[in-house]
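What follows is a set of notes on a single structure, which appears directly below.
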There are 2 protein chains.
Amino acid sequence: MAVRLKDIARDLGISTVTVSKVLRGNSDVGDKTRARVLKRMKELNYQPNMLARGLASGKTYTVGLVVPDLVHPFFAEFAKSLSGELRKTHRALLLASSEEDPVIEMQEIRTLLQRGVDVLIIASCQAVLKNFYELGDNRTPYLLFDRNFPHLAANFIGNDDVVVGEMATRHLIDLGRTRIAHIGARYSSPAFDRLRGYRNALAAAGLPADEDLVVTRERVEEAGDLVGNAMMRDLLKLKPRPDAVFCYNDTTAIGAIEAVLEAGLRVPEDVAIIGCGNLRYAAYLKVPLSAIDQNTTELGKRAAQVAVELAEKPQAELKCIMIPPKLVARESTVGKRRKRTPLNA
Amino acid sequence: MAVRLKDIARDLGISTVTVSKVLRGNSDVGDKTRARVLKRMKELNYQPNMLARGLASGKTYTVGLVVPDLVHPFFAEFAKSLSGELRKTHRALLLASSEEDPVIEMQEIRTLLQRGVDVLIIASCQAVLKNFYELGDNRTPYLLFDRNFPHLAANFIGNDDVVVGEMATRHLIDLGRTRIAHIGARYSSPAFDRLRGYRNALAAAGLPADEDLVVTRERVEEAGDLVGNAMMRDLLKLKPRPDAVFCYNDTTAIGAIEAVLEAGLRVPEDVAIIGCGNLRYAAYLKVPLSAIDQNTTELGKRAAQVAVELAEKPQAELKCIMIPPKLVARESTVGKRRKRTPLNA
DNA sequence: ATGAAAGCGCTAACAC
DNA sequence: GTGTTAGCGCTTTCAT
């Protein structure tokens, strides 16, 4: 059996309460007693039982995270950053992957809530989020991440995706492109906002908004390269064909580039392509990929901070945090004239 | 406050014990009583408090995983697969990333054990694993993953890395290459075994084992591309220079390819290069990368199964599971004559 | 088939 | 400063 508070108390002839107080750094303990307790704890290599603490105190020092796909570099990067930041506060991360399936997502949320996570961070794939309240009268605070639900007054952290769309499209405009297409996703706030940004930028530049140039398909997240490839092939059939494409994410962009090359055209000379996410290996692709970097590491850090705040003060004021994105131009838009951007820059 | 067993018992005029039995599917409950309990549970949307259950029963239905780097596709893929499989058994995943730092790793292990994980799965970055026992007299069963410690009698799951090395090297030999180099890692069982496999294959083919052709460096995991690039540059200075390289992983391979191209040479004509891991985007790289696929999804599935077994029967016989790797040949070794292998194949 | 009693390891609230 | 009492929500054991 593991060492318990009780063991230390017995050894020292004091009460468990005092030991507990020392454990938690409570100030109302005599210096001598504190020293003796700490010494004994070290000797016995005492490890507190967080289950018991959680049950008694209502705080588990645990954060739950639900993402649609752990392998997606964006979510993996976020999870890593979040986890690293939580470690500094001695909190643990309960992680679940919903596979972009709302039903699985609900199940995972339930699992996490049953474990008493202090906060829930979630990039939800629900179409509507009213279901969130059907999970019992649970008062666990939550933080929406990446995907927002405008009609829901909730804590949110993500990028300003309107800016993402504007930034990408503006970049293509600045390069002199005039027939700019958009390969988008559906049913999520980032998809919707990036599209809006795209339109804003076109309008601001006085370019026409040709609806043929906007194509979308469901489930862009999973096999994005294949989807991107298919959609690009559709776009290439248009006359005149687009001379640039802003893709919803990097994987669709990769597929799109492939389609352009397969059609015997050049990137970026015939069609410039920009993605979003800034994959770790973007610089090593057949055509090094330009992309909007989401600053994912910062996103994870800030999310951890908000999570800790929520854990400590569940009724805090609503937070809505937008991390500014950043343009990383590589060959897929600017061609070979610039020097190669180093990895992850 | 959330609904408790007690509430249901009170509503129905029965004891909490009976309700608890229904909850756990215990058979010694009358059909009528069971039905009433289940009905009421549904009505109130009862969610069991797993902390309380864990404290009382000693089982938390939680598995801990520690990986060196969550963003590394191999570990991300593994975590995803593991998590998906655990979900089927209603278990949760506590995840931690050690950043390839033994000190952080110990801290994370402690954090997980304090939360009472039923099993610990770990790709450890410790040089020696005796420290494992210093974490208290904890009897939590653990499963080593990817990185083995031969002198430690422990459960293990991973690839047979000797076979990985042989398979990769053999592939290069079959292509007629005779001066085959190896860019390796250090201080881990996969690194060591892949090197052994490399040597085995050379010996079996009657090729000389030139020690100049084996280069290693620390911390290949993090910025693998840069490390691979630097090591390849070293190799290219040799006379005669190598005509093929087996790289420890895909990221070093990417860097190595870059170095070859920067030197004005061709891949694979001048230098054939093969990696290990089979990145999701391997097919879309400048030179589509040949690699040994580690069958990571299967690895995660089997790990989950073993974890569940260990959770239920901690004293089970030691398991040592080797998932067979698979060769995926692309342009970086065989050139353009073959058809492109589809993504993730 | 059902339940009473005891307790998992800890903390909160209040005495002294 | 220190200790007492009383739980947190559940399971276990052993009566009946």
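Below, chain A is the first sequence line, B the second, and so on; all start at residue 1.
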Separation of C:dC8 atom P from B:Asn49 atom CG, nearest Å, is 18 Å
Do A:Leu113 and A:Thr140 come within less than 4.5 Å of each other through their side chains, counting heavy atoms only? yes
By side chain to side chain donor-acceptor pair (under 3.5 Å) - contacts of A:Lys88 (at least two apart): A:Glu85
List for me each residue that meets salt bridge (charged side-chain N to carboxylate O under 4.0 Å, His left out) alongside A:Glu312, sequence neighbours excluded, and say none if there are none. A:Arg91
What do you reckon, are the aromatic ring centroids of B:Phe78 and B:Phe145 less than 6.0 Å apart? yes
Using a 6.0 Å cut-off, check whether atom NZ of A:Lys301 has over 12 heavy atoms from anything other than its own residue. no
In this structure, how many angstroms lie between the P atom of C:dC8 and the CG atom of B:Leu51, rounded? 17 Å
Specify the separation, in whole Å, of atom CG of A:Leu55 and atom C1' of C:dT11. 10 Å
Quick one: A:Met50 CE to C:dC10 C1', roughly how many Å, whole number? 11 Å
Taking only N and O in the side chain of B:Tyr46, is any of them less than 4.0 Å away from OP1 or OP2 of D:dC10? yes
Distance in angstrom units between B:Lys59 NZ and C:dG9 C1', rounded: 17 Å
Short of 4.0 Å, heavy atom to strand atom, which residues of residues 5-28 of chain B count as contacting DNA chain D? B:Leu5, B:Val17, B:Ser20, B:Arg24
Taking 4.0 angstrom as the limit, do B:Arg40 and B:Glu43 come out as a salt bridge? yes
End axis versus end axis in the helix from C:dA1-D:dT16 to C:dC16-D:dG1, the angle rounded to 10°, five pairs used at each terminus: 30°
Residue set satisfying salt bridge (charged side-chain N to carboxylate O under 4.0 Å, His left out) with A:Arg24, at least two apart, ordered chain then number -> none
What is the distance, rounded to the nearest whole Å, between atom NZ of A:Lys32 and atom P of D:dT2? 10 Å
Phosphate contact (D:dC8 OP1 or OP2) by A:Ser57 side-chain N/O below 4.0 Å: no
Do other residues, nucleotides or ligands put more than 12 heavy atoms under 6.0 Å from B:Tyr61 OH? no
Separation of B:Arg53 atom CZ from D:dT11 atom P, in whole Å? 5 Å
Which residues pass the salt bridge (charged side-chain N to carboxylate O under 4.0 Å, His left out) test with B:Asp161, sequence neighbours left out? B:Arg194
